[in-house]
K.L.:
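There's a structure below that I have some questions on.
The figures that follow rest on heavy atoms only: side chains count, while hydrogens, waters and symmetry mates do not. Owing to the predicted nature of the structure, the values given are computational and were not obtained by experimental measurement. Below, chains carry the letters A, B, ... as their sequence lines are ordered, and counting in each starts from 1.
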There are 2 protein chains.
Amino acid sequence: MESRIERIKKHLHSSSYKLTPQREATVRVLLEHEEDHLSAEDVYLLVKEKSPEIGLATVYRTLELLTELKIVDKINFGDGVSRYDLRQEGAAHFHHHLVCIECGAVDEIQEDLLEDVEAIVEKRWNFQIKDHRLTFHGICYRCQDKEE
Amino acid sequence: MESRIERIKKHLHSSSYKLTPQREATVRVLLEHEEDHLSAEDVYLLVKEKSPEIGLATVYRTLELLTELKIVDKINFGDGVSRYDLRQEGAAHFHHHLVCIECGAVDEIQEDLLEDVEAIVEKRWNFQIKDHRLTFHGICYRCQDKEE
DNA sequence: TTCCTTTTTTAAAATGATTTTCATTTTGAA
DNA sequence: TTCAAAATGAAAATCATTTTAAAAAAGGAA
Ligand SMILES: [Mn+2]
Ligand SMILES: [Mn+2]
Ligand SMILES: [Zn+2]
Ligand SMILES: [Zn+2]
C-alpha cells in the first residue's frame with residue numbers, strides 16, 4: 001500500500017505534479033476501494049470522512065489528473081455519472097466489466113481476452129489501438145440462481 | 001426507407017405506443033444519419049429544420065422510447081453527452097466503435113468479432129450476455145498517414 | 001530563514017445536459 | 001361524437017461537472 005503510494009508520488013513528480021495531502025487522501029480512498037466503481041461524489045464523501053476540509057472541486061481535479069496519468073480509468077456505465085477505476089499497475093489495457101441488468105452489480109474481468117480481436121482490428125481497419133472499453137450487459141450468476 | 005418506418009411503427013404499436021408526427025420526424029432524422037452519432041441536441045436541431053414546432057423534451061422522450069425498444073442504442077464516448085445510434089435491423093448486438101484520439105473521428109465495425117470472447121465469458125463467469133459495448137481508442141488510418 | 005513565484009485549494013457561482021412539471025392538445029377506441 | 005389516456009411544448013427544476021477568484025501552501029533562490 002505505502003509502496004504503491006510512493007510509486008504514484010514519483011509518477012506525479014515525473015510530470016511535475018505534487019502529491020498534496022488532498023491528492024494523497026483521494027488516492028488512498030481509491031486504493032481502499034479497488035474493487036468498486038466510485039463516482040466523483042462517492043470518492044468525495046469517502047475522502048471527507050478522514051479529511052473533512054476537502055472540496056468537491058479538488059476531488060474532480062484530482063480524478064482528472066489521475067486519469068490523465070493513466071493511474072485511474074474513467075468509465076461511464078450509462079447511469080449519468082462518470083466512475084473511476086484504479087488501473088492494475090503495469091496493465092497495458094483497461095479491464096472489462098460485467099453489468100447485471102437485474103441487480104446492477106458490476107463485476108470485473110481482468111483477463112485480456114481481446115488479443116485476437118485487436119489483431120484483426122489493427123490489421124483490417126488499419127487502426128492503431130491504444131486502449132479499449134468493453135462492457136457486457138446481461139444477467140449475473142447470482143440473479144440466474146434466483147430465476148424460476 | 002418507408003418500409004423501415006412502417007416496421008418501426010408496428011414495433012411501437014406492438015408495445016402500445018403511437019408513431020406520432022413528432023416521433024416519425026425524429027426517426028426520419030435518425031434514418032437519414034445512420035452513420036453519425038448524434039446527440040439529443042443534434043437530433044433536435046435537425047428535426048427542427050422540417051418540424052420547427054417540436055420541443056427538445058419531446059426529442060429526449062422519443063430517444064428514450066426508441067432506446068427502450070432497442071431501435072436505437074444510447075452510447076457515451078466520454079464527451080459529456082449521450083449519443084444515439086440506430087441499431088441494424090435484426091442485429092442481436094450493438095456494433096463496435098473506433099474512436100480516434102487524434103481527430104475525434106468515430107468509425108464503425110459492423111462485424112461481430114466477439115463470438116469467441118462471449119462464449120468464454122458466458123461459460124467462465126457464468127454470465128448470461130444480453131448485449132455489449134465495445135470501443136477502441138487509438139489512431140485512425142487517416143491520422144497515421146499524417147504522422148511526423 | 002525570508003522572499004517570491006507558481007501551484008493548489010476552497011467555496012461559491014456558473015454551466016450544460018437531461019428530466020420533470022403542468023397546462024394544453026392530440027389520439028383512437030367506444 | 002365523446003371521453004379518457006397518451007403525448008406534447010415551454011418553462012422550471014435537477015444534477016453532474018467546470019469555472020472563477022481569492023486565499024493558502026509549496027518550494028526554490030537569495
Ligand atoms: Mn473495474
Ligand atoms: Mn455507431
Ligand atoms: Zn445480478
Ligand atoms: Zn484520426
K.L.:
Tell me: CG of B/L38 to C1' of C/dA17, nearest whole Å?
P.N.:
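Checked: the CG to C1' distance equals 16 Å.
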K.L.:
What's the CZ-P distance between B/R23 and D/dG9, to the nearest Å?
P.N.:
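Rounding to the nearest Å, CZ of B/R23 and P of D/dG9 are 11 Å apart.
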K.L.:
Which listed nucleotide (C/dA12, C/dT8, D/dA7) is nearest to the side chain of A/Y17?
P.N.:
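In terms of side-chain proximity for A/Y17, the closest of C/dA12, C/dT8, D/dA7 is C/dT8.
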K.L.:
Considering only residues two or more places apart or on different chains, which pairs with a residue in residues 112-126 of chain A satisfy salt bridge (Lys or Arg N to Asp or Glu O under 4.0 Å)?
P.N.:
none
K.L.:
Separation of B/L19 atom CG from D/dA7 atom P, in whole Å?
P.N.:
11 Å
K.L.:
Decide if the gap between the ring center of A/F77 and the ring center of A/H97 is smaller than 6.0 angstrom.
P.N.:
yes
K.L.:
Can you confirm if the aromatic rings of A/H11 and A/Y17 lie within a centre distance of less than 6.0 Å?
P.N.:
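They do not qualify: ring centres at least 6.0 Å apart.
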K.L.:
Where along residues 41-56 of chain A does a heavy atom fall under 4.0 Å from DNA chain C?
P.N.:
A/E53, A/I54, A/G55
K.L.:
Can you list the steps and then say if A/S82 with A/I75 is a side chain to side chain contact (heavy atoms under 4.5 Å, CB included)?
P.N.:
CA-CA 6 Å; A/S82 291; A/I75 192 169; over 6 Å; no
K.L.:
Using side chain to side chain contact (heavy atoms under 4.5 Å, CB included) as the criterion, list what pairs up with B/Y60, not counting sequence neighbours.
P.N.:
B/A40, B/L56
K.L.:
Should A/E102 and B/K130 count as an ion pair when the cut-off is N to O under 4.0 Å?
P.N.:
no
K.L.:
Mind listing the N/O atom pairs, protein and nucleotides 23-26 of chain C, below 3.5 Å?
P.N.:
none

K.L.:
Run the salt-bridge test on A/E32 and A/R28 with the 4.0 Å N-O cut-off and return the result as yes or no.
P.N.:
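Not counted as a salt bridge, because no side-chain N and carboxylate O are separated by less than 4.0 Å.
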K.L.:
Would you sort out whether A/Q22 and A/E24 count as a side chain to side chain donor-acceptor pair (under 3.5 Å), showing the intermediate values?
P.N.:
CA-CA 5 Å; A/Q22 291 89 342; A/E24 181 173 336; over 6 Å; no
K.L.:
Can you measure B/E24 atom CD to D/dT8 atom C1' for me and round it to whole angstrom units?
P.N.:
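Between C1' of D/dT8 and CD of B/E24: 16 Å.
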K.L.:
Students often mix this up, so state it plainly: with edges at 30° and 60°, are the rings of B/H96 and B/H132 parallel, tilted or perpendicular?
P.N.:
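The arrangement is tilted - the two ring planes meet at 30° to 60°.
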K.L.:
Measuring to OP1 and OP2 of D/dA26, would you say a side-chain N or O of A/T20 lies under 4.0 angstrom away?
P.N.:
no
K.L.:
Which residue pairs pass the salt bridge (Lys or Arg N to Asp or Glu O under 4.0 Å) test when at least one of the two sits in residues 59-87 of chain B, sequence neighbours left out?
P.N.:
B/D42-B/R83, B/D73-B/R87, B/D73-B/R133, B/D79-B/R83, B/R87-B/D131
K.L.:
Output the residues of residues 58-84 of chain B in contact with DNA chain C, where contact means a heavy atom of the residue under 4.0 Å from an atom of the strand; sort by number or write none.
P.N.:
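DNA chain C contact set from residues 58-84 of chain B: B/Y60, B/R61, B/G80, B/V81, B/S82.
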K.L.:
Salt bridge check, B/R4 against B/E34: does any charged N sit closer than 4.0 Å to a carboxylate O?
P.N.:
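A salt bridge links B/E34 with B/R4.
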